[in-house]
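Chain letters run A, B, ... following the sequence lines, proteins first, then strands; residues in each count from 1.
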Amino acid sequence: VPVLPDWAIQTLQVVTILALAPLVSGIIARAEAVVQQRHGPRVLQPYYDILKLLRKETVLPAPAGPVFRAAPYISFAGLATIPLLIPALTTFGLPLGYIADFFGVGLILALSSFVVSIAAVDSGSPYAQLGSSRLRSFGAFNEPTVIFVTFVLALTTHTDLPYAFGATIRSSAVQVVRPSHLLMIAAFFMLVLTETGRIPVENHGGTLEFGQIEEGRVAEHSGPGLAFLRWGSSIKQLLLYTIFMNVLVVPWGMASSGRLDVVALAIVLLFAKALVVGAAVVVIESSFAKLRLYKIPEFTVASFMLAVLAVVIFLFEPSYGDSELSMFGAIATIAAVIVLLLEYGMLRSQDVWEQLRLYALGSAVVAALAVGTAATGHGNGELYVLGAVTIGLKALLFPLGITFVLRRLEAEARVPSVIGVPSGILIGIVLCALAFIVLRPVHIGAEAALPLSALPVAVGGVLVAFLLMVLRPYAPSQLLGFLALENAVSVASLVIAPGLPIILALLLLFDVLVGVLVFVVLVQYLAVERTAVRTDVLNRLTG
Amino acid sequence: MTWSLYALLAVPLVAVLLTLVDGWRLARAATLIAGIIALVLAVAIALSVRHGRVLIGAGGWLRVDSLGAVFLLATGLLYAIAGVFSIGYLAVDQTHSDFPRFAKRYFAFLNLFGWTMLLVPLAADFGTLWVAVELTTIISALLVAIDRTDAALEASWKYILIASSGLGIALLSIIVLYATGTHVLGADYVPRFERFLHHAGGLSHEAVALAFVLSVVGFGTKVGFVPMHTWLPDAHSEAPAPVSALLSGSLLSAAFYAILRFFQVAVATGQRSFAEHVLIVFGVISLVAASLFVIRQGNYKRLLAYSSIEHMGIIALGIGFGAPLAVAGALLHVLTHASAKGLAFFGAGSLLRGYDTKEVDGITDAGRAMPWTGSMFLAAALALSGLPLSGVFRSEFEIVAGGFARPQYVGVTVLLVFVNLAFFGIIWHAARMVLSRPADLAGDAPATAATIASERSTWMIAGMLGCLVVSVGLGVHLPGQLGALLANASHRLAVPG
């Protein structure tokens with residue numbers, strides 16, 4: 001098998017990204033259409049669009065100057081440089097791979113975006129200017145997010161080179177399931193959604209001016225310039241997916257030598273990884289609605305705060321030393337972090353149905369954790385029973401029962417927060433950090449195999465559930481807060497005490513069941529007596 | 001004697017079944033009889049365990065020792081007397097059209113509530129203990145809301161929300177304890193109390209300390225420690241009077257019993273002084289805050305509720321002082337507080353039935369209008385404030401004496417100052433209600449308000465008399481058997497292992 005020289009791989013890396021990018025966009029667009037039961041465009045449509053635009057003549061707006069004309073090419077050139085700097089195909093650094101670090105990549109990405117914004121101003125078109133000013137204001141929190149994500153990388157590896165980070169993870173897989181790392185992944189994924197103009201921030205490729213951000217900015221471009229901008233934006237998307245997967249999530253499956261077959265396999269795997277991210281994007285785009293414009297900062301702020309939390313948690317995590325990654329440890333930590341993130345989702349949501357769905361999802365994760373715990377040989381077979389009961393009770397019966405009751409009471413779906421949502425999430429993040437700080441010096445002294453870093457996450461979940469109850473003075477939301485609290489405690493119990501006898505676990509669940517029944521009875525009384533389920537009006541009894 | 005454990009748990013359940021089969025008269029009789037049988041059984045159990053014997057039943061899932069027996073006595077006493085008092089308390093409403101249904105529901109829940117509270121000291125492991133305490137919350141929340149007034153619903157909602165959240169934390173404490181136990185007891189085991197005590201050497205100190213603090217916060221929510229007490233005055237003031245008496249006299253101490261089980265583990269792992277400090281801190285905060293609230297309270301049932309917080313603070317201080325005399329005094333206080341607070345809430349219920357108001361200002365001249373109730377309410381106030389002759393005096397005296405012996409001067413000083421403050425508050429309000437003449441009736445005009453109010457039921461007076469006899473009896477003469485029981489129980493809290 002021939003071995004490619006480094007310069008050839010380097011070139012191949014750029015070519016791969018540039019060539020595959022429109023295909024990835026096309027596949028996502030088609031998959032989305034299929035999921036939404038439309039026919040949708042051909043998978044190769046982005047290539048045809050680019051070719052068509054390249055053949056068209058350029059129409060310039062009257063005030064446009066050289067800045068406007070040069071912008072698409074500068075932007076494209078910047079984006080085409082980045083594949084040189086990130087680990088797309090190889091695990092080893094290529095000749096030009098070390099000329100810029102993570103910040104350098106961010107800087108070039110920012111430059112590409114910046115020239116387009118300047119061009120929008122130069123065009124004199126109000127839509128284009130609106131788009132770029134929106135992008136600037138909503139994106140204000142993206143840069144700090146990137147910085148904090150880089151902090152986590154740098155704290156782990158003592159360098160901020162993308163290659164070095166992937167290498168660190170490969171050398172000790174336990175890094176991937178640290179709570180801080182998982183939170184950073186969540187933060188970065190939200191950032192990717194924002195930066196690629198996806199729901200919940202923007203309707204990708206939408207033509208309605210009111211919601212346009214990214215699309216609005218290029219409204220005045222045409223011909224080859226527009227072709228390069230379109231191509232550039234799909235390249236940017238693939239670049240972010242590549243960084244997300246190859247640096248943060250799964251830095252495996254890249255070529256460790258220049259052999260042709262290995263490199264070819266790496267190209268296929270890169271494409272597959274991009275499609276995995278694309279699948280997640282499709283699911284999100286098909287199941288959530290776009291946020292109203294003034295709600296978008298909440299989203300970007302949330303991603304920023306998750307990144308901050310990741311850094312704080314990193315500083316207070318139990319030390320890992322050279323501990324091995326156990327399957328159970330990975331499952332437990334990932335489940336705990338997902339339950340926590342879903343609780344943040346409940347904290348963000350102002351809609352009781354959405355909170356209910358998030359709760360049901362969290363319960364399903366808890367059930368999966370129970371099954372996973374049993375499957376990895378902890379506790380015993382009884383945990384399968386517990387998992388089944390959890391699914392039946394907490395993921396199906398409670399949500400459906402509560403839905404039924406609320407529909408019958410015709411309860412108001414909106415549950416506004418007492419304080420602003422970002423402030424609420426900020427408090428929630430402080431509480432979670434607090435859990436880590438308080439639990440850091442505690443040595444549980446349990447079996448060595450137990451994943452102790454999941455305990456503070458679960459305790460953080462308990463505190464966030466308290467916050468949820470305090471911030472939503474509505475009976476159904478407070479009930480859900482109580483149930484979320486119970487979920488967090490269940491996670492803690494599965495994580496550090498998987499051997500708890502099944503009879504006790506079932507008794508606890510039975511108690512929760514009776515408790516929910518009583519809650520529901522009270523909600524009905526409250527609704528009947530007061531024609532409302534608000535609880536902040538319950539202020540007769542004080543002092 | 002194992003049969004007595006089963007009998008004790010069976011009796012209230014049989015009573016529940018009987019309330020469901022036929023009319024409210026049967027329900028009433030069943031409750032009355034079940035309460036008295038439960039009291040007799042509790043006394044029998046207490047007598048048999050007073051020298052350190054441990055009763056174990058149901059394959060090890062049920063267990064009573066001298067410590068549990070103290071709390072069993074408190075619950076048995078109030079359960080029996082509440083059965084008596086409820087007859088009179090409900091009789092006032094007998095003319096209402098939906099009375100039969102209401103009464104059946106009330107008695108069914110009352111028996112269930114009694115059952116859950118009897119279950120708490122019978123649990124042999126932390127899991128069952130938690131389940132029992134949570135069940136008390138759920139059942140009593142329904143009892144608080146049983147009147148379905150706005151205020152009762154509000155109180156009930158706050159109660160179940162705050163108490164259940166607190167118990168979530170308590171569950172966390174059990175999990176932490178369980179996790180540290182896996183080190184010596186293997187990956188899966190039933191978290192029985194004595195296992196932790198026997199293997200205390202292998203438990204992580206930090207984990208036990210964390211579990212203890214979490215349990216004080218978690219179960220302390222149900223005990224009513226400040227600042228987790230906010231549900232307590234609402235629930236106690238809005239529940240029907242017999243339920244208030246049970247809530248205050250035995251449920252609070254049942255939750256305290258759960259903390260004591262964690263305390264035992266902490267002592268066994270050599271964390272005694274840490275645990276004592278935690279209890280002293282919560283005790284002092286509760287005592288100080290509650291006695292200040294007592295002074296400015298205008299609703300006499302809330303007044304009594306704050307007094308309960310104060311007394312829970314006193315018990316926490318007694319345990320926290322650590323001297324054997326103080327610990328025995330604190331355990332005796334569980335009983336004396338149950339009898340005195342039961343008397344006070346029963347008196348308050350009788351006054352509520354007579355005057356139909358919960359405001360202190362709405363009640364005047366109760367001593368003449370309702371001579372039995374008025375005098376016994378005043379007696380209850382005096383007993384609660386710890387006047388000699390009342391049992392509370394004996395237990396508080398032991399706590400203070402124990403505190404001086406240790407010595408814990410700061411704690412004792414705070415105790416003395418704020419107990420006196422609460423004393424003034426309670427006596428001032430109670431005396432106004434019972435002794436003061438209506439201002440406009442100073443002349444010869446017949447007292448209109450006072451003539452409307454009158455004794456409503458002999459059953460209520462009988463219930464109050466029962467409490468009064470126990471309360472004064474404990475003060476005048478402490479039976480030798482009870483002394484032995486308390487000494488044995490305090491020994492269990494003092495010795496590691």
Self-check item: Donor-acceptor under 3.5 Å (B:Y189 side chain, B:Y178 main chain)
Solution: yes
Quiz item: Is it the backbone or the side chain of B:T230 that comes under 4.5 Å from a heavy atom of chain A, or both, or neither?
Solution: neither
Quiz prompt | Audit row: B:K358, B:E238, salt bridge (Lys or Arg N to Asp or Glu O under 4.0 Å) steps and yes/no | solution = CA-CA 10 Å; B:K358 288 177 186 168; B:E238 294 309 323; 3.2 Å; yes
Quiz prompt | Region of B:W231 in contact with chain A, defined by heavy-atom distances below 4.5 Å | solution = neither
Exercise. Fit a plane to each ring of A:F482 and A:F519, take the angle between them on a 0 to 90° scale, and name the class: parallel (under 30°), tilted (30 to 60°) or perpendicular (over 60°).
Key: tilted
Quiz item: chain B heavy atoms under 4.5 Å from A:L507: which part of the residue, side chain, backbone, both or neither?
Solution: both
Quiz prompt | chain A contact via B:I160 - side chain, backbone, both or neither, heavy atoms under 4.5 Å | solution = both
Quiz item: Between A:F316 and A:F436, is the ring centre distance below 6.0 Å?
Solution: no
Quiz prompt | Interface moiety of A:L439 toward chain B, non-hydrogen atoms closer than 4.5 Å | solution = side chain
Self-check item: Side chains of B:T180 and B:V176 in contact at under 4.5 Å (non-hydrogen atoms)
Solution: no
Quiz item: So which of A:V462, A:L479, A:L500 has the biggest tally of heavy-atom pairs under 4.5 Å with chain B?
Solution: A:L500
Quiz item: Most heavy-atom pairs under 4.5 angstrom with chain A, which of B:L171, B:I139, B:T137, B:V208?
Solution: B:L171
Exercise. Below 4.5 Å from any heavy atom of chain A, which atoms of B:F126 appear? Answer side chain, backbone, both or neither.
Key: neither
Quiz item: Atom CE in A:M346, atom CG in A:L358: separation rounded to 0.5 Å?
Solution: 6.5 Å
Quiz item: What residue in B:S165, B:P191, B:S237, B:G168 has the most heavy-atom pairs under 4.5 Å with chain A?
Solution: B:S165
Exercise. Flag the one option from A:V521, A:L508, A:V512 with the top tally of heavy-atom pairs under 4.5 Å to chain B.
Key: A:L508
Self-check item: Expected output: side-chain B:D125 to main-chain B:G127 donor-acceptor under 3.5 Å
Solution: yes
